[in-house]
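Take a look at the structure below.
Along the sequence shown, residues carry numbers from 1. Predicted model only: the values in this text are computed from it and were never measured. Counting convention: from 1, in listed order, for ligands and their atoms alike.
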Amino acid sequence: MSPARRLLLLLLLLLLLALSLLHPASATDCHPEDKEVLLRIKSALHNPYHLASWDPDTDCCSWYCLKCDEVTHRVISIFFLQADLTGQIPSAIGDLPYLQYLNLRRVSNFSGPIPNSLTKLKYLKFLRINWVNLTGPIPSFLGQLKNLTYLNLSFNKLTGGIPDSLSTIPALGYVSLNRNQLTGKIPASLANLKGNDLYLILSHNSLSGELPATFAGVDFVKLDLSRNKLQGDASLVFGRNKSTYYIDISRNQFKFDLSKAKFNKSLTYLYMNHNKIYGSIPKAMESVHFLNVSYNRQCGEIPVGGRLQSFDDTVYFHNRCLCGAPLDSCK
Ligand SMILES: *[C@@H]1O[C@H](CO)[C@@H](O)[C@H](O)[C@H]1NC(C)=O
Ligand SMILES: *[C@@H]1O[C@H](CO)[C@@H](O)[C@H](O)[C@H]1NC(C)=O
Ligand SMILES: *[C@@H]1O[C@H](CO)[C@@H](O)[C@H](O)[C@H]1NC(C)=O
Ligand SMILES: *[C@@H]1O[C@H](CO)[C@@H](O)[C@H](O)[C@H]1NC(C)=O
Ligand SMILES: *[C@@H]1O[C@H](CO)[C@@H](O)[C@H](O)[C@H]1NC(C)=O
Ligand SMILES: *[C@@H]1O[C@H](CO)[C@@H](O)[C@H](O)[C@H]1NC(C)=O
Ligand SMILES: *[C@@H]1O[C@H](CO)[C@@H](O)[C@H](O)[C@H]1NC(C)=O
């Protein structure tokens, strides 16, 4: 090896050494500001056993219940699942500026409201809080989370109405607010949701009034309004041009003539039982795979064709005067 080459090699080794001193093994360490926030969260939750791995002497990207971005090493995801944690949702979570996913499910002893500090999470895409006994309203400040695509607050004890602000979130498509104690009308603004796939799940609440007329123009993928106190005409959720595959409007007080409704072949699940729906069953319903129209006020012969005769009689029973297979033949 020539002296020049030897010198070059030596310089290279020195450079590598210098680099490794500048960035010790902690080149993968999470950001010190995130670490400080995580420790505040742990302390707000009274240092629970569930967060035993949150040891200040270790790389916080290796801690349980969170995930860091592989390149930036910033915390992007927090998930407390089936956790024994006491208190409220720590407001310090809002100080993790790069958080994209917040997933709290079956946290055994949480309660209280959704903290306002979440509005600081400009990158939050996914917000799921289920079985956490959240109370208070669905805060209208959630509308400030402009990056949100998925909002699931089902299985809590939320009260009050559905805020209009949700419709101002540009790409929000999945909205699950089922199994709460929500009241009031379904806001017409929900028709402005713009996500690529629209899922609107509002079942098991106390929503009342008529459906907004604006829903006639919305092509939901899945719409579940069951077990509320909704009234009036629900036929506007159907449509020849809609690609909806799942509609559940059962156990409400809807009252409309089903015979005039138009259907698209993509509709696979259709549950309408326990309403005040009248008229006959349209032939176009023969392409539905799962059906229930029981406990309504329908009349006339069940059209012959498709799957309509393969359902058991409980799909049709307790109507005013439906007849034909699988019910008794018409007189
Ligand atoms: C639940 O939280 C309350 C206070 O928020 C506390 O008094 C109680 O001990 C907690 N229960 C359990 C099982 O941790
Ligand atoms: C929610 O509160 C009820 C009492 O109202 C309690 O029985 C239940 O265990 C709580 N659930 C959770 C997940 O904290
Ligand atoms: C949403 O996130 C993207 C990056 O994923 C970012 O460029 C954009 O500014 C964010 N939107 C808002 C309103 O902060
Ligand atoms: C919302 O969460 C509940 C409970 O975990 C789940 O059953 C439901 O499928 C979720 N909704 C959506 C749209 O993912
Ligand atoms: C359904 O689609 C057809 C053709 O694309 C269009 O002419 C018609 O106006 C649409 N109907 C509704 C109710 O959107
Ligand atoms: C059913 O809906 C799909 C998607 O909107 C559409 O492409 C199709 O033409 C519709 N079918 C009929 C018969 O209009
Ligand atoms: C249809 O709904 C009725 C009333 O809720 C129920 O008793 C029946 O079992 C259902 N039938 C099917 C096939 O799900």
Using distance alone, with no hydrogens and no angle criterion, decide if [X] and [Y] have a side-chain donor and acceptor under 3.5 Å apart.
| X | Y | answer |
| --- | --- | --- |
| Asp84 | Ser108 | yes |
| Arg128 | Asn130 | yes |
| Tyr150 | Asn152 | yes |
| Ser189 | Asp164 | yes |
| Lys242 | Ser266 | no |

Nearest-contact summary for [atom] - protein heavy atom, Å:
| atom | answer |
| --- | --- |
| atom 13 (C) of ligand 6 | Arg240 CG, 4.4 Å |
| atom 6 (C) of ligand 6 | Asn264 ND2, 4.2 Å |
| atom 2 (O) of ligand 7 | Asn292 ND2, 2.3 Å |
| atom 3 (C) of ligand 7 | Ser294 OG, 3.2 Å |
| atom 7 (O) of ligand 4 | Phe155 CE1, 4.7 Å |
| atom 4 (C) of ligand 6 | Ser243 CB, 3.6 Å |

Backbone, side chain, both or neither: what part of [X] comes under 4.0 angstrom of ligand 7, heavy atoms only?
| X | value |
| --- | --- |
| Tyr295 | side chain |
| Met272 | neither |
| His274 | side chain |
| Thr314 | both |

In terms of atom number and element, which parts of ligand 7 are under 4.0 angstrom from non-hydrogen atoms of Val315?
13 (C)

With heavy atoms of Asn273 as the reference, note each atom of ligand 7 found under 4.0 Å away.
2 (O), 4 (C), 5 (O)

Over all heavy atoms of both residues, which pair between Asn319 and Tyr295 is shortest? Give the atoms and the distance, please.
ND2-N, 4.1 Å

So Tyr271 and Tyr269, would you call those rings parallel, tilted or perpendicular, with 30° and 60° as cut-offs?
tilted

For the 3.5 Å polar cut-off, considering only N or O atoms, please tell me whether Asn241 and ligand 6 meet it.
yes

Distance under 6.0 Å and angle within 45° of the ring axis: does Lys222 meet both against Tyr199?
no

Close-contact set for ligand 4 against [X] heavy atoms, below 4.0 Å:
| X | answer |
| --- | --- |
| Tyr150 | 1 (C), 10 (C), 11 (N), 12 (C), 14 (O) |
| Trp131 | 4 (C), 5 (O) |
| Arg105 | 5 (O) |

Side-chain donor or acceptor of His31 paired with backbone N/O of Glu33 under 3.5 Å:
yes

So does Asn228 get a backbone contact from the side chain of Asn205, meaning a donor-acceptor N/O pair under 3.5 Å?
no

For ligand 4, is there an atom lying under 4.0 Å from some heavy atom of Arg128?
yes

Evaluate Ser294 against Asn273 for side chain to side chain donor-acceptor pair (under 3.5 Å), listing each step before the verdict.
CA-CA 5 Å; Ser294 65; Asn273 45 297; 4.7 Å; no

Minimum non-hydrogen distance to atom 5 (O) of ligand 4, winning option of Asp224, Val221, Asn130
Asn130

So between Asn152, Leu151, Asn103, whose heavy atom ends up nearest atom 10 (C) of ligand 4?
Asn152

Determine whether Asp233 and Lys255 satisfy the following criterion, salt bridge (Lys or Arg N to Asp or Glu O under 4.0 Å), listing intermediate values before the conclusion.
CA-CA 6 Å; Asp233 187 359; Lys255 194 173 184 180; over 6 Å; no

Mind checking whether Lys242 contacts ligand 6 via backbone (N, CA, C, O), side chain (CB onward), both or neither, at a 4.0 Å heavy-atom cut-off?
backbone

Is the shortest side-chain heavy-atom distance between His289 and Arg307 below 4.5 Å?
yes

Backbone or side chain, does any N or O of Arg251 fall under 3.5 Å from an N or O of ligand 7?
yes

